[in-house]
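All residue numbers in this chain count up from 1 along the given sequence.
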Amino acid sequence: MKSGLSFWLAFGLALVADQIVKQFILNGLRYEGAVISIVLAYNEGVAFSMLHFLGAWLKYLQVVLLAGLGVFLWLQKAFFKENALPFGLILGAGASNVLDRFVHGHVIDYVYWHYQFDFAIFNLADVLIDVGVGLLILKSFKAKNKQSRV
């Protein structure tokens, strides 16, 4: 039961926090800094605007992918229980970006890193997806190290 609670808390926190920040951006919040700026950008694709040519079909593809991951986790109960928090972050943040596509027609991006090089503009959901994936990778390395010591 603890894993289910951590999943839903992470899922809800990721989705709600990302949507709250996006509302501030849509209401005019901006910042110009030397390293990072807060700007409003509409992303019609995925990371680095890839797959933008799919247009409206992209949101349906993403719904299918998120649902597929959900079904996989439901079938792999032990794996899900061990990784409920990272998957909550990944699916909650992914759902927030998909929600943008249905509500706004594109994803709302706003963090612009421009120190020494221009980087793609991204949002909190993107960061939370990366954090979730990073946690999964760290757990995998820890498990491998534990196995190699035995």
Side-chain angles (χ1 to χ4, degrees), residues 2-70 72-73 79-146 148:
K2 182 182 172 188
S3 61
L5 180 62
S6 64
F7 171 83
W8 287 111
L9 284 173
F11 183 98
L13 181 64
L15 189 138
V16 170
D18 185 56
Q19 288 298 310
I20 288 171
V21 173
K22 287 174 179 173
Q23 284 305 307
F24 280 111
I25 300 304
L26 289 170
N27 289 326
L29 177 67
R30 303 290 184 274
Y31 169 77
E32 290 294 325
V35 176
I36 293 176
S37 295
I38 302 298
V39 300
L40 173 61
Y42 302 120
N43 187 350
E44 295 182 7
V46 292
F48 307 104
S49 295
M50 291 184 300
L51 303 179
H52 72 279
F53 61 88
L54 291 174
W57 288 103
L58 182 57
K59 63 186 170 193
Y60 300 111
L61 175 63
Q62 288 180 307
V63 167
V64 168
L65 290 173
L66 287 172
L69 179 57
F72 170 79
L73 293 174
F79 184 63
F80 169 74
K81 285 181 180 180
E82 293 172 17
N83 300 290
L85 176 70
F87 283 120
L89 291 173
I90 293 166
L91 288 171
S96 182
N97 277 343
V98 171
L99 179 62
D100 281 2
R101 292 189 190 286
F102 281 95
V103 173
H104 305 291
H106 43 257
V107 174
I108 306 300
D109 284 337
Y110 48 84
V111 179
Y112 175 43
W113 176 283
H114 52 80
Y115 181 71
Q116 295 187 352
F117 64 93
D118 284 335
F119 193 72
I121 301 174
F122 56 96
N123 60 39
L124 178 60
D126 300 333
V127 172
L128 293 175
I129 291 168
D130 291 341
V131 167
V133 170
L135 290 171
L136 289 171
I137 292 169
L138 285 174
K139 280 186 117 180
S140 172
F141 283 137
K142 277 179 78 173
K144 269 191 174 170
N145 285 341
K146 195 180 265 187
S148 66

Could you tell me which residues satisfy side chain to side chain contact (heavy atoms under 4.5 Å, CB included) with [X], sequence neighbours excluded, listed by chain and number?
X    : result
V111 : I36, I38, F122
L29  : F24, I25
L66  : L91, V98
S37  : E32, V39, Y112, H114

Which heavy atom of [X] sits nearest a heavy atom of [Y], and at what distance?
X    : Y    : answer
G94  : I129 : N-CD1, 3.9 Å
Y115 : A34  : CD1-O, 4.2 Å
P86  : G132 : CB-O, 3.4 Å

request  = Could you go through the side-chain contact (heavy atoms from CB on, under 4.5 Å) check for V107 and Y42 one step at a time?
outcome  = CA-CA 6 Å; V107 174; Y42 302 120; over 6 Å; no

key: K22: which of L99, D109, D100 passes side chain to side chain contact (heavy atoms under 4.5 Å, CB included)   =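 In the set L99, D109, D100, the residue that makes a side chain to side chain contact (heavy atoms under 4.5 Å, CB included) with K22 is D100.
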
Got a second to check how far [X]'s [atom1] is from [Y]'s [atom2], nearest 0.5 Å?
X    : Y    : atom1 : atom2 : result
I90  : F7   : CD1   : CZ    : 10.0 Å
I121 : Y110 : CD1   : OH    : 12.0 Å
K139 : E82  : NZ    : CD    : 6.5 Å
K2   : L5   : NZ    : CG    : 9.5 Å
N83  : L73  : CG    : CG    : 8.5 Å
N43  : N123 : CG    : CG    : 8.5 Å

inquiry  = Using the ring pair (Phe, Tyr, Trp, His ring centres under 6.0 Å) criterion, which residues pair with F79? Sequence neighbours excluded.
reply    =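 Here the qualifying residues are F87.
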
Any residue meeting side-chain hydrogen bond (donor to acceptor under 3.5 Å, both in side chains) with D126, in chain and number order, not counting sequence neighbours =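 Testing D126 for side-chain hydrogen bond (donor to acceptor under 3.5 Å, both in side chains), a comparison that skips the adjacent residues, returns N97.
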
request  = Check the angle between the aromatic planes of Y60 and F102 and answer parallel, tilted or perpendicular using the 30° and 60° thresholds.
outcome  =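 Answer is perpendicular, since the angle exceeds 60°.
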
request  = May I ask you to decide if the ring planes of W113 and F117 are parallel, tilted or perpendicular, using 30° and 60° as cut-offs?
outcome  =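 Ring orientation, 0 to 90° scale: tilted.
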
query = Can you check whether A93's main-chain N or O pairs, donor with acceptor, with D18's side chain at less than 3.5 Å?
reply =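 A pair under 3.5 Å: no.
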
